[in-house]
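Reading through the structure tokens given below for one structure.
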Amino acid sequence: MKSFVFLGIVVATLCASFGLELPSFLHVCSRNDPNLGQCIINSVYNFMPYLKNGLPDYKIPSLEPLLLKELTSTSGGNIKLKLSNVNVYGASDVILKRINANMQKLRFIIDLDLPKLRIEGGYNIDGQLILLRIRGDGPVNGNFTNCKASVKLQLEKTKGADGDTYLKVSTLQTKIAVGGGKLRLQNLFGGDPALGEAVNGAINSNFDSFIQELTPALESAISSTFTQIADSVLSQFSYDTLFPDA
């Protein structure tokens, strides 16, 4: 469920790793590099140790943990779930499988794996899973394994107030898959221990169904969140700074 949290960081890193009077640990990739995708992957891995504590100058939040302030999803009217102030751990262990970069069309396809993720935060839920009514709010924690994510990122050029050409996100579409996991929602039904254990047991016994119901709305919400992050980063640098011609 949280594998795509790291997606926005990959997008932001892809942008930031070319920008602002680049320090030595940021490797520049020419837009004419025939192996641009692999160059970006190498740059991201080289950059990764510096991301754990975040880089405020580049408007990139910390990866360990990564704070996700709010996600609200409604899937088919069956489950309404709001997650807030969620700390995500394990994003820095990302494995970048592929980055396909088409500079003529400003199109990027990113595939990545996240072996393990852990979340802690707050939730509010009201809905129905299979035949079981669920309601409650309180702390949530969970563990997710073998997460896979894919993103299609389309950029477009825009003219800045200074006359330079800048980039912005046109579309950012995500697909996520979680291999397995376990969730625990505390304080279900106002803290009723018997009902709480029963519902948590039902959720985890039907984990795949629970995640599948929420996936479309989560993909949309995460895409929207990280479009804002990517645009924030992109607006700091001109196109020629982000993607040098040499």
Side-chain angles (χ1 to χ4, degrees), residues 1-14 17 40-55 60-71 73 75 79 81-99 109-123 125 129 138-151 153 172 174-186 197 199-223 225-226 229:
M1 184 170 71
K2 288 292 178 288
S3 66
F4 233 81
V5 167
F6 188 77
L7 167 60
I9 296 301
V10 171
V11 173
T13 300
L14 183 151
S17 60
I40 294 172
I41 289 175
N42 295 340
S43 181
V44 171
Y45 279 137
N46 190 73
F47 195 19
M48 193 63 63
Y50 301 90
L51 289 176
K52 288 190 176 183
N53 295 322
L55 291 168
I60 299 176
S62 169
L63 281 187
E64 297 296 344
L66 173 67
L67 176 63
L68 189 63
K69 291 185 177 180
E70 184 175 304
L71 274 176
S73 65
S75 179
I79 297 177
L81 174 65
K82 178 179 178 180
L83 302 176
S84 57
N85 297 318
V86 176
N87 285 313
V88 183
Y89 301 86
S92 63
D93 294 326
V94 64
I95 300 171
L96 294 172
K97 304 295 288 186
R98 177 179 71 116
I99 296 180
I109 299 174
I110 305 164
D111 295 328
L112 59 90
D113 291 347
L114 285 158
K116 294 181 181 179
L117 290 175
R118 177 170 63 88
I119 67 165
E120 296 176 351
Y123 81 93
I125 192 170
L129 175 65
V140 59
N141 55 72
N143 293 284
F144 307 93
T145 58
N146 299 322
C147 301
K148 296 183 181 295
S150 180
V151 57
L153 171 66
L172 193 160
T174 69
K175 291 294 180 182
I176 61 176
V178 178
K182 187 174 183 179
L183 282 170
R184 181 167 183 80
L185 308 179
Q186 301 181 42
E197 287 299 323
V199 169
N200 275 300
I203 288 174
N204 290 307
S205 294
N206 298 276
F207 182 80
D208 290 344
S209 298
F210 186 80
I211 293 300
Q212 286 173 8
E213 283 202 49
L214 299 178
T215 293
L218 285 167
E219 289 172 341
S220 176
I222 292 170
S223 294
T225 297
F226 289 110
I229 293 175

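When all heavy atoms of Met48 and Val94 are compared, the closest pair comes out as CE-CG1, 3.7 Å. The two residues Val86 and Gly122 have their closest heavy-atom pair at CG2-O, 4.4 Å. The minimum heavy-atom distance between Leu117 and Gly90, with the atom names listed, is CD2-C, 3.7 Å. Here the closest heavy-atom approach between residue Gly142 and residue Phe144 is recorded as C-CE1, 4.1 Å. Heavy atoms only, all atoms of each residue included: Tyr123 and Leu81 are closest at CB-CD1, 4.4 Å. Nearest heavy-atom pair, Asn204 versus Gly181, reported as atom, atom and distance to 0.1 Å: OD1-O, 4.4 Å.
Atom CG of Asn146 is separated from atom NZ of Lys116 by 9.5 Å, given to the nearest 0.5 angstrom. In this structure, Asn87 CG and Glu64 CD are separated by 10.5 Å, a value rounded to the nearest 0.5 Å. Annotation: the span from Ile203 atom CD1 to Leu185 atom CG amounts to 4.5 Å, rounded to 0.5 Å.
Remark: the backbone N or O of Leu114 is not paired with any side-chain donor or acceptor of Asp93 at under 3.5 angstrom. At distances below 3.5 Å, not a single donor-acceptor pair connects side-chain atoms of Tyr89 with backbone N or O atoms of Glu120.
By the 4.5 Å heavy-atom criterion applied to side chains, Asn46 and Asn42 are not counted as neighbours. Annotation: side chain of Asn141 is in contact with side chain of Gln186 (closest heavy-atom distance under 4.5 Å). Using a 4.5 Å heavy-atom threshold, the side chains of Asp113 and Lys148 count as touching.
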Side chain to side chain contact (heavy atoms under 4.5 Å, CB included), that's the test. Do Leu183 and Asn200 meet it? Break it down for me. CA-CA 7 Å; Leu183 282 170; Asn200 275 300; 5.6 Å; no
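Taking a cutoff of 4.0 Å between a charged side-chain nitrogen and a carboxylate oxygen, Arg98 and Asp111 qualify as a salt bridge.
Residues satisfying the side chain to side chain donor-acceptor pair (under 3.5 Å) test with Glu197, not counting sequence neighbours, are Arg184.
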